[in-house]
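Keep in mind that the numbers below use all heavy atoms, side chains included, and drop hydrogens, waters and symmetry copies. Here is the naming used below: chain letters follow the sequence lines, and residue numbers restart at 1 for every chain.
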Amino acid sequence: MQRHLITSAIPYINGIKHLGNLVGSQLPADLYARFQRARGNEVLFLCATDEHGTPAELAAAKAGQPVAEYCAEMHAVQSELARGFRLSFDHFGRSSSPQNHALTQHFAGRLADAGLIREVSERQVYSNADGRFLPDRYIEGTCPNCGYDRARGDQCENCTKQLDPTDLIDARSAISGSTDLEVRETKHLYLRQSELKDDLDAWIDSKADWPILTTSIAKKWLHDGDGLQDRGITRDLDWGIPVRRGDAEWPGMEGKVFYVWFDAPIEYIACAGEWADAQGGADWERWWRTDKGADDVRYTQFMGKDNVPFHTLSFPATLLGSGEPWKMVDHLKSFNYLNYDGGQFSTSQGRGVFMNQALNILPADYWRWWLLSNCPETSDSEFTWELFQQGVNKDLADVLGNFVSRVTKFCRSKFGEVVPDGGVFGPLEQDLIAELDKRLAAYTTHMENMEVRKSAQELRAIWVAGNEYLQAAAPWATIKEDEAQAAMQIRLGLNLIGLYAALSAPFLPDTADTLAATMGVEVSKWPESIAKALNALAPGHTFQVPDNLFAKIDDAARATWEAQFSGAA
RNA sequence: GGCGCGGUAGCUCAGCUGGUUAGAGCGCUCGACUCAUAAUCGAGAGGUCGGGAGUUCAAGUCUCCCCCACGCCA
């Protein structure tokens, strides 16, 4: 039995995620986790909300809530949506958890002991009205270069000139609008990533099987320009993990917190601690410490391409720099972007479909199937309502749903709702078994390799094989000549439904449950041989004809949704 | 402006280290079947692989230049 640690990039707490976010990490991670569990392997599948940072504070302020309360509420919302999409996390944690506080402070202490942290004195803008330091992009003013009056402290959007906050004319807080700003001296901690450059380089070189997208992004950050830069890991904020050196105070760092990028990936580990505590004290270190049982764990991370630098460089730098035997990622699966109808999904403009809206319209399996079978794996891909409608109607309703319908209804009308007896396999059946064995092997390999689109294609071909068989066997004709032979054909058809439940479960968990319940069985584990799987339902076993599994999307509904989600309003 | 990823049938996309008549699904046309959600199954039409030059016995696949789209950065 293999052991698989699987993590999905952790979504930011601020707001509800759109389908592009979903398909870029959580959904394929869930597909892989479900597949590995079905194979009988031990899986720990973790995700969490990323809760610290200025955007969370501002969103809370806008909602008129204390930030801790806001985060707790939004975590509950995201948690519920994850359940809605059947994301099978073993634990959905929070980067604000006590476990992450302790672990983040622990790592900072270790890094400091290793000489990998330096203090830097900086001059930053402080807003007296807001009572806080302002990140560069939250300072607005008039651009000294082009006169644009809404230039940000880091850059002017109008003329693209890079700016320093002090360059701005009539600078004001983007939060309150106050112009009562002053520059103050403040001290921050920097992680000396540059010291770890060679270690990281060698580590990435050892990952020959990583996708090109992943390694090229990592190499670019390592080698471009002046190479890997040291990064600030602290901020002058209230909301976050207080800066401490392990268990001890950190002189000069009072009132400061760690920067969100530093503590967020550590939550992958802390989340295992949260999971263990929720289990009443399970052993989480056997998943994360190679000196405590994690040496046989295979760790796979799923994320969008924008997250690659953090996962290939920043987080590994933290782990390597600690000098402790932490489990490092083995395989890193990154995704491109899903576009919406010719443009980008946009949270700020409400353009595209968001997770809550999607579930209000259609069941999770419709979305899971389409998103996964069209996921942006090798390049950006495109969501349009027409493509969505075609994919759902053809693949789910016509190919899979209709197969189940024709087999069960034919059986009911000729033999009743019971698996019929009689007949023996002939050449047609042997051919089908041979084809399915080949396809099962291909499907399994693709799933092992996390080739999502190819997996979906193969699964679909397995569904199609059922329709091809029925067309060739034609039980509706056979039954006029040889009832026993027709019984065998339809018994095979019923067993195919059981097989489809098992093979479809990673993509379509609810449908798999429905199919299994229809056949009066449990969803079985991953089949080893087709021949065996096709004898699972014995003659005499009763079943029930299900309602149509999938309703088709008609043109009217499509037009309605197209208008509803255009973001024009 | 720099960098990155792409530009392959009407559409969405596969095509590994260069090697037989360039593939899939959808859409379209024709045919078969009638058990089924007017579903299914089969056959067919459709591409000078963005443009140009080069390397090679051989290039969608390597090199160079250009054009286009998208993304990131400054």
Side-chain angles (χ1 to χ4, degrees), chain A residues 20 154-157 159-164 208-209 211-221 223-226 229 304-309 334-339 341-345 369-371 373-415 442 446 449 451-461 463-480 486 489-490 493-494 497 545-554:
Chain A
D154 53 350
Q155 175 182 22
C156 173
E157 285 178 339
C159 68
T160 74
K161 185 177 171 60
Q162 184 191 3
L163 299 173
D164 205 63
D209 60 335
I212 300 165
L213 178 67
T214 303
T215 45
S216 70
I217 292 173
K219 286 288 184 179
K220 173 177 150 57
W221 281 61
H223 299 298
D224 266 21
D226 299 330
Q229 299 298 301
K305 60 183 169 186
D306 52 328
N307 268 317
V308 169
S334 58
F335 290 84
N336 289 282
Y337 293 139
L338 180 70
N339 290 318
D341 208 8
Q344 295 186 327
F345 277 86
W369 172 255
W370 192 90
L371 290 170
S373 62
N374 292 281
C375 73
E377 212 163 9
T378 53
S379 62
D380 289 358
S381 68
E382 183 83 8
F383 176 96
T384 69
W385 286 99
E386 186 180 2
L387 288 169
F388 178 68
Q389 177 192 31
Q390 285 175 352
V392 164
N393 288 356
K394 196 70 190 173
D395 300 344
L396 295 182
D398 294 347
V399 175
L400 176 60
N402 184 51
F403 174 80
V404 172
S405 185
R406 64 198 296 209
V407 170
T408 53
K409 285 177 182 167
F410 181 81
C411 185
R412 179 173 62 187
S413 74
K414 304 298 179 187
F415 302 100
H446 288 144
N449 296 336
E451 301 210 66
V452 179
R453 291 176 82 125
K454 287 181 180 171
S455 297
Q457 267 177 32
E458 203 58 44
L459 176 58
R460 186 186 189 281
W463 296 338
V464 167
N467 281 316
E468 288 170 352
Y469 170 75
L470 278 190
Q471 212 62 32
W476 50 90
T478 311
I479 198 161
K480 294 172 186 162
Q489 292 169 344
I490 217 65
L494 291 168
I497 295 174
V545 175
D547 294 335
N548 284 343
L549 291 177
F550 302 99
K552 291 199 193 191
I553 298 168
D554 60 33

*Does A:Arg460 have a side-chain nitrogen or oxygen under 4.0 Å from the phosphate oxygens OP1 or OP2 of B:rC26?*
yes
*So, for A:Phe403 and A:Leu470, which heavy atoms are closest and what is the spacing to 0.1 Å?*
CE1-CD1, 3.8 Å
_How long is the straight-line distance from SG of A:Cys411 back to CD of A:Gln489, given to the nearest 0.5 Å?_
12.5 Å
*asked:* What is the distance, to the nearest angstrom, from the CG atom on A:Asn336 to the C1' atom on B:rA69?
replied: 15 Å
*In which ranges does RNA chain B form stems of 3 or more consecutive Watson-Crick or G-U pairs, distances under 3.5 Å?*
B:1-4 with B:70-73, B:10-13 with B:23-26, B:28-32 with B:40-44, B:50-54 with B:62-66
*A:Phe383 CZ to B:rC26 P: how many Å, rounded?*
19 Å
_Rounding to an integer number of Å, can you tell me how far A:Phe345 CZ sits from B:rC70 P?_
18 Å
*After noting the C-alpha distance and the side-chain angles of A:Arg460 and A:Val464, does the key distance pass the side-chain contact (heavy atoms from CB on, under 4.5 Å) rule?*
CA-CA 6 Å; A:Arg460 186 186 189 281; A:Val464 167; 3.7 Å; yes
_By a 5.5 angstrom centroid cut-off and a 30 degree plane limit, is there stacking between A:Phe410 and B:rC35?_
no
*Looking only at atom P, what distance separates B:rG2 and B:rC67, rounded to whole Å?*
11 Å
*Between A:Trp476 and A:Phe410, what is the ring plane arrangement, given parallel below 30°, perpendicular above 60°, and tilted in between?*
perpendicular
_Evaluate A:Lys394 against A:Gln389 for side-chain contact (heavy atoms from CB on, under 4.5 Å), listing each step before the verdict._
CA-CA 8 Å; A:Lys394 196 70 190 173; A:Gln389 177 192 31; over 6 Å; no
*Tell me what A:Phe550 touches on the nucleic acid: a base, only sugar-phosphate, or nothing, going by heavy atoms under 4.0 Å.*
base
_Heavy atoms only, 4.0 Å cut-off, all strands: where does A:Gln344 land among base, sugar-phosphate and nothing?_
sugar-phosphate
*Any side-chain N or O of A:Lys552 less than 4.0 Å from the OP1 or OP2 oxygen of B:rA39?*
yes
*Whole-Å distance between B:rC41 C1' and A:Trp463 CH2?*
18 Å
*Would one find a side-chain N or O of A:Lys454 under 4.0 angstrom from OP1 or OP2 of B:rA24?*
no
*Kindly confirm or rule out a cation-pi arrangement of A:Lys305 over A:Tyr337, judged by NZ or CZ under 6.0 Å from the six-membered ring centre and within 45° of its axis?*
yes
_Please classify the nucleic acid contact of A:Ile479 as base, sugar-phosphate, or nothing, using heavy-atom distances under 4.0 Å._
nothing
*Gap in Å between the two C1' atoms, one belonging to B:rG46 and one to B:rA9, rounded*: 6 Å
*Would you mind telling me which residue lines up with the more 5' stretch of RNA chain B, A:Asn467 or A:Phe403, judged by nearest nucleotide?*
A:Phe403
*Check whether any side-chain heavy atom of A:Thr408 lies under 4.5 Å from a side-chain heavy atom of A:Leu494, and answer yes or no.*
yes
*Do the side chains of A:Phe388 and A:Ile553 get nearer than 4.5 Å, heavy atoms only?*
yes
*P atom, B:rU20 versus B:rC13: distance in rounded Å?*
27 Å
*asked:* Whole angstroms only, please: what is the CD-C1' distance between A:Gln390 and B:rA24?
replied: 15 Å
*Please measure how far the P atom in B:rC65 lies from the corresponding atom in B:rC3, and state the result in whole Å.*
11 Å
*d(CG, A:Leu549; C1', B:rA36) in whole Å*: 12 Å
*Sub-4.0 Å heavy-atom contacts from residues 392-402 of chain A onto RNA chain B, ordered by number*: A:Lys394, A:Ala397, A:Asp398, A:Gly401, A:Asn402
*So how far is it from A:Asp380 CG to A:Asn336 CG, rounded to the nearest 0.5 Å?*
5.0 Å
*Identify whether any heavy atom of A:Ser381 sits under 4.0 Å from a base atom; if not, whether one sits that close to sugar-phosphate; answer base, sugar-phosphate or nothing.*
sugar-phosphate
_From NZ of A:Lys305 over to P of B:rG71, roughly how many Å is that when rounded to an integer?_
9 Å
*In whole angstrom, give me the gap between the C1' atoms of B:rG60 and B:rC16.*
14 Å
*Could you give the distance separating B:rG50 and B:rU12 at their P atoms, to the nearest angstrom?*
15 Å
*Evaluation steps, side-chain hydrogen bond (donor to acceptor under 3.5 Å, both in side chains), between A:Trp385 and A:Asp341*: CA-CA 8 Å; A:Trp385 286 99; A:Asp341 208 8; 6.0 Å; no
_Using heavy-atom distances to pick each residue's nearest nucleotide on RNA chain B, tell me which of A:Ala474 and A:Ala465 is more 5'._
A:Ala474
Kindly list each side-chain donor-acceptor pair under 3.5 angstrom involving residues 545-552 of chain A, sequence neighbours excluded, with atom names and distances?
unit_1   : atom_1 : unit_2   : atom_2 : d
A:Lys552 : NZ     : A:Asp398 : OD1    : 2.7

*asked:* Regarding A:Asp380, tell me which of base, sugar-phosphate or nothing describes its non-hydrogen contacts under 4.0 Å with the strands shown.
replied: sugar-phosphate
*Rounded off to whole Å, could you give me the CD-to-C1' distance for the A:Gln471 and B:rU34 pair?*
9 Å
*Taking the side chain of A:Trp476 as heavy atoms from C-beta outward, which of B:rU12, B:rA36, B:rU34 is closest to it?*
B:rU34
*Where does B:rG46 land, syn or anti, given syn is within 90° of 0?*
syn
_B:rU63 to B:rG18 separation - C1' atoms, rounded to the nearest Å_ = 13 Å
*Return yes if a side-chain donor-acceptor contact under 3.5 Å exists between A:Ser373 and A:Gln457, otherwise no.*
no
_Between B:rA59 and B:rU48, how far apart are the two C1' atoms, rounded to whole Å?_
14 Å
*Can you find an N or O donor on one side and an acceptor on the other, under 3.5 Å apart, linking the side chain of A:Glu382 with the base of B:rU12?*
no
*Could you please name the option among B:rG42, B:rG71, B:rG27 that lies closest to any side-chain atom of A:Glu468?*
B:rG42
